[in-house]
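Since the structure comes first, as structure tokens, the remarks are kept for the end.
Computed from heavy atoms alone, side chains included, the values below leave out hydrogens, waters and symmetry copies. Sequence lines set the chain letters: A, B, ... in the order given, protein chains first and strands last, and positions in each chain run from 1. Please read all numbers here as calculations on a predicted model, not as lab measurements.
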Number of protein chains: 2
Amino acid sequence: MPTKLPQLKQDFTEGLSQISRFWGFPKGMGAIFAVLYLSPTPLPLDEIVSQTGLTKGAVSTEVRTLARMGLVHRSSKLGDRKDYYEAESDFFKSIRSILKERQNSEFDRAIRSVRETLEKLEAGTVSGDEAEVEFVYQRVKALQEFFNAIDSLSSAVIKLESLGLGNVQKILSILK
Amino acid sequence: MPTKLPQLKQDFTEGLSQISRFWGFPKGMGAIFAVLYLSPTPLPLDEIVSQTGLTKGAVSTEVRTLARMGLVHRSSKLGDRKDYYEAESDFFKSIRSILKERQNSEFDRAIRSVRETLEKLEAGTVSGDEAEVEFVYQRVKALQEFFNAIDSLSSAVIKLESLGLGNVQKILSILK
DNA sequence: TACTGTGTTTAGTAATTACTAAACGTTCTA
DNA sequence: TAGAACGTTTAGTAATTACTAAACACAGTA
């Protein structure tokens with residue numbers, strides 16, 4: 001027997017919810033994105049509310065963080081007070097803006113704290129068993145270098161015009 | 001005034017805890033890793049307990065998941081019943097094993113559900129407005145392709161002998 | 001066999017996070 | 001100015017997750 005389109009959409013939505021949760025985002029966020037992603041036209045807030053079963057408040061805040069991440073876009077029609085939302089369908093573009101978002105976040109603050117640790121060690125202002133201080137220094141330095149590599153990578157990705165399948169292929173060929 | 005080594009270690013540990021939490025892991029996990037990472041010698045469980053302030057139970061379970069991820073290694077000394085743990089210091093190696101770990105997880109199950117959605121659409125067994133079905137098909141297909149790209153990338157990384165700074169540089173030069 | 005030193009499991013608690021319901025602020029319309 | 005149609009904020013609740021305390025299992029030793 002044939003699957004009805006609304007049913008299919010709902011299954012898909014549930015799948016994306018789980019993926020969302022897996023990556024540490026609220027599952028409602030995945031659901032909202034899924035609904036928008038499968039809609040041929042931008043949707044107003046109440047439509048998202050009715051299709052996800054979440055409340056106005058929840059949708060309002062989560063759609064905002066989705067927008068900040070560049071995963072959805074907000075627009076409005078002239079002579080219509082409603083806001084309309086649509087999903088970004090270029091995922092590589094989304095990745096870039098998520099990375100960009102992360103750069104000013106809590107994450108960077110933590111990374112900066114590692115850098116500070118390293119600076120203290122380099123300034124020679126740390127007292128303790130000499131061999132151990134040296135060991136700790138080497139370790140912290142290695143971690144810092146790792147972060148730097150990740151950072152260069154993501155900066156590069158952010159600056160890219162397009163990270164299409166072509167580029168991914170090229171990368172793969174290097175890594176072989 | 002000089003910083004004392006134990007103080008430095010503790011600051012570092014707090015930093016890593018936050019990073020851990022940021023990526024959706026328990027902060028205790030980050031703390032455990034930090035303690036091991038800064039220790040010149042493998043540590044037994046009680047040592048981790050006393051240095052992190054967590055309980056035996058917590059350390060026992062979290063150190064196990066760290067080991068599954070390949071971020072720490074368990075070893076034992078002859079004539080000593082204790083287990084000893086040490087941190088993996090090659091982060092690229094860790095990334096590989098984390099990716100490997102993820103392949104058999106909940107995440108893959110969710111991705112599979114997207115693939116099933118796609119298969120139903122391709123089999124033509126979905127009923128509904130024809131234009132909309134076609135639209136939905138295109139979208140789901142695009143998402144699937146994105147997942148495939150990510151998947152190839154991570155498989156490639158998993159198979160690598162080494163993803164050192166050299167390779168990262170090469171990648172960066174492509175992406176410029 | 002009991003006892004000690006290990007790590008693990010379990011059942012419950014604390015802390016965090018996602019979400020709801022409802023009040024609120026604004027803007028437009030009558 | 002009142003009321004309606006929006007989106008936002010807030011205060012509280014539900015659900016989830018991280019962790020604790022304590023019982024447990026097992027191995028080695030007296």
Side-chain angles (χ1 to χ4, degrees), chain A residues 13-14 16-36 42-69 72-86 105-107 110, chain B residues 13-14 16-36 42-69 72-86 105-107 110:
Chain A
T13 300
E14 242 146 63
L16 269 197
S17 298
Q18 296 205 198
I19 292 175
S20 174
R21 215 174 43 151
F22 183 83
W23 288 104
F25 302 107
K27 75 173 201 271
M29 213 165 115
I32 292 171
F33 181 82
V35 163
L36 292 174
L43 299 180
L45 200 134
D46 358 352
E47 192 57 30
I48 304 176
V49 166
S50 71
Q51 289 197 34
T52 56
L54 301 175
T55 57
K56 260 199 312 171
V59 173
S60 170
T61 59
E62 306 214 318
V63 101
R64 187 158 9 122
T65 81
L66 279 168
R68 229 182 33 231
M69 288 180 170
V72 312
H73 303 290
R74 186 190 298 231
S75 60
S76 40
K77 299 179 182 170
L78 293 103
D80 184 343
R81 279 161 52 213
K82 286 179 190 158
D83 289 347
Y84 287 84
Y85 300 91
E86 64 187 317
S105 70
E106 203 58 20
F107 179 61
Chain B
T13 300
E14 241 147 64
L16 269 197
S17 298
Q18 296 205 197
I19 292 175
S20 174
R21 215 173 43 149
F22 183 84
W23 289 104
F25 302 108
K27 74 174 201 268
M29 212 166 117
I32 292 171
F33 180 81
V35 164
L36 293 173
L43 299 179
L45 200 134
D46 6 352
E47 192 57 31
I48 304 175
V49 166
S50 71
Q51 289 196 34
T52 56
L54 299 175
T55 57
K56 258 199 314 172
V59 173
S60 170
T61 59
E62 305 214 319
V63 102
R64 186 155 11 120
T65 81
L66 278 168
R68 230 184 29 232
M69 287 180 172
V72 313
H73 303 290
R74 184 189 301 229
S75 60
S76 40
K77 298 179 181 168
L78 293 104
D80 185 342
R81 281 162 49 216
K82 286 181 191 162
D83 289 347
Y84 288 84
Y85 300 92
E86 63 187 319
S105 69
E106 202 60 20
F107 179 61

Integer-rounded Å distance: C:dC28 P and A:D83 CG: 12 Å

D:dT9 phosphate, OP1 or OP2, under 4.0 Å from A:R64 side-chain N/O: yes

hbond_proxy B:R81 side chain to C:dG5 base (donor-acceptor, 3.5 Å cutoff): yes

Sugar-phosphate only, base, or nothing, as touched by B:G28 at under 4.0 Å among non-hydrogen atoms: sugar-phosphate

Nucleotide nearest A:R74 (side chain, heavy atoms from C-beta), chosen from C:dT8, D:dC19, D:dG7: D:dG7

Closest-nucleotide ordering on DNA chain C, the 5'-leading residue of B:K27 and B:V63: B:V63

Among D:dT8, C:dC19, D:dA18, the one nearest B:P26 by side-chain distance: D:dA18

Sugar-phosphate, base or nothing in reach of B:G79, heavy atoms under 4.0 Å: nothing

Inter-residue atom distance A:Y85.OH - A:S76.OG, 0.5 Å rounding: 9.5 Å

Heavy-atom check, side chain of A:K82 versus side chain of A:E47, under 4.5 Å: no

A:K56 side chain near D:dG7 phosphate (N/O to OP1/OP2, under 4.0 Å): no

Closest-nucleotide 5' rank along DNA chain D - winner of A:Y84 and A:R21: A:Y84

A:S60 side chain near D:dT8 phosphate (N/O to OP1/OP2, under 4.0 Å): yes

